[in-house]
Amino acid sequence: MRRVILYIAASLDGYIAGENGGIDWLDSEAAPDDAGNGYEAFLREIDTIVMGYNTYRQVTEELSPGKWVYAGKKTYVLTHRDIANLPEIQFVCQPVERLIETLQQEDGKGIWICGGAKIIHPLLQQNLIDEFRITIIPILLGRGIPLFGALDCQISLQLISTQKNGNLLELTYRRRAQEKEGK
């Protein structure tokens, strides 16, 4: 079965976006070019990306206008909007849990949960995230959109690795084996 990986950046105080959804702070502490880049290695592990419409909009309008940065990867954007599919981007209107369960049964590499919070939360509740790769940006936002928010369950994780990339810290966790088996 394909691995489902949450790979995301968060502020040191646990936010993935500012109070109004802004992500301009992400570039404020970018790792220097010679610091090593776990992101490039990560991209080789996945072939499928799942994101919500707000994340899609931020990627296409704020982070990389005019250029699709995930070329070569099949991307699913969850939305209620009626948007025509693009060659590598499929706009879908279904519960994220159902999409992930379908994708896990298909052949392929890892599945990247790119964001945002509305996509992550139901996957946590249904025990569908296998690995958590969180890059800590050394900034305190004070308020905003939390990485996880309130959960109805406790989730035990095991630290797999830490990697310092310039001023950033990437933490990799996996669910403890007994938690996955109890799904």
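Excluded from the calculations below are hydrogen atoms, water molecules and symmetry mates; all remaining heavy atoms, backbone and side chain alike, are included. For the single chain, residues carry numbers from 1 onward in sequence order.
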TODO: Please step through side-chain contact (heavy atoms from CB on, under 4.5 Å) for the pair Ile155 and Phe148, ending with a clear verdict.
DONE: CA-CA 11 Å; Ile155 300 171; Phe148 297 120; over 6 Å; no

To the closest 0.5 Å, what do you measure between [atom1] ([X]) and [atom2] ([Y])?
X	Y	atom1	atom2	result
Gln163	Leu168	CD	CG	10.5 Å
Leu147	Tyr15	CG	OH	11.0 Å
Glu131	Leu6	CD	CG	10.0 Å
Arg44	Ile46	CZ	CD1	11.5 Å
Ile16	Ile120	CD1	CD1	4.5 Å
Leu78	Cys93	CG	SG	8.5 Å

Give me the atom names and distance for the closest heavy-atom approach of [X] to [Y].
X	Y	result
Pro146	Ala117	O-CB, 4.0 Å
Val96	Pro122	CG1-CG, 3.6 Å
Gly52	Ile119	N-CG1, 3.6 Å

Open item on the list: Using the side chain to side chain contact (heavy atoms under 4.5 Å, CB included) criterion, which residues pair with Ser161? Sequence neighbours excluded.
Closed with: Thr172

Is any side-chain heavy atom of [Y] closer than 4.5 Å to one of [X]?
X	Y	value
Val69	Leu63	no
Tyr53	Arg81	yes
Arg175	Asn127	yes
Gln104	Ile111	yes
Leu128	Val4	no
Ile100	Val50	yes
Phe42	Arg133	yes
Leu12	Pro138	no

- [ ] Start with the C-alpha gap between Ile5 and Ile113, add the side-chain angles, then the distance that decides, and say whether side-chain contact (heavy atoms from CB on, under 4.5 Å) holds.
- [x] CA-CA 6 Å; Ile5 306 162; Ile113 306 304; over 6 Å; no

Task: NZ/NE/NH1/NH2 to OD/OE distance under 4.0 Å, Arg3 and Glu45 - done: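 Salt bridge: yes.
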
Task: N-O pairing of Glu88 and Lys74 below 4.0 Å - done: no

Task: With Tyr70 via ring-ring contact (aromatic ring centres under 6.0 Å, His included) - residues at least two apart - done: Trp68, Trp112

Open item on the list: I want to know whether Phe91 and Tyr56 have ring centres closer than 6.0 Å.
Closed with: yes

TODO: Report the C-alpha distance between Ile137 and Leu26 in whole Å, list the side-chain angles of each, state the deciding distance to 0.1 Å, and finish with yes or no for side-chain contact (heavy atoms from CB on, under 4.5 Å).
DONE: CA-CA 7 Å; Ile137 310 292; Leu26 285 173; 4.1 Å; yes

- [ ] Show your reasoning for whether side-chain contact (heavy atoms from CB on, under 4.5 Å) applies to Thr162 and Glu170.
- [x] CA-CA 6 Å; Thr162 61; Glu170 182 177 301; over 6 Å; no

Task: Side-chain (Arg2) to main-chain (Gln105) donor-acceptor, under 3.5 angstrom - done: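 Not confirmed, Arg2 side chain does not pair with Gln105 backbone.
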
Task: N/O donor-acceptor pair under 3.5 Å between Thr55 side chain and Met51 backbone - done: no

Open item on the list: Using the rule that Ile, Leu, Val, Met, Phe, Trp and Tyr join whenever any side-chain heavy atoms are under 4.5 Å apart, tell me whether Tyr7 and Ile160 fall into a single cluster.
Closed with: no

Task: Sequence-distant partners of Asp13, side-chain hydrogen bond (donor to acceptor under 3.5 Å, both in side chains), two or more places apart - done: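 Partners of Asp13 by the side-chain hydrogen bond (donor to acceptor under 3.5 Å, both in side chains) criterion, ordered by chain and then number, come out as Ser11.
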
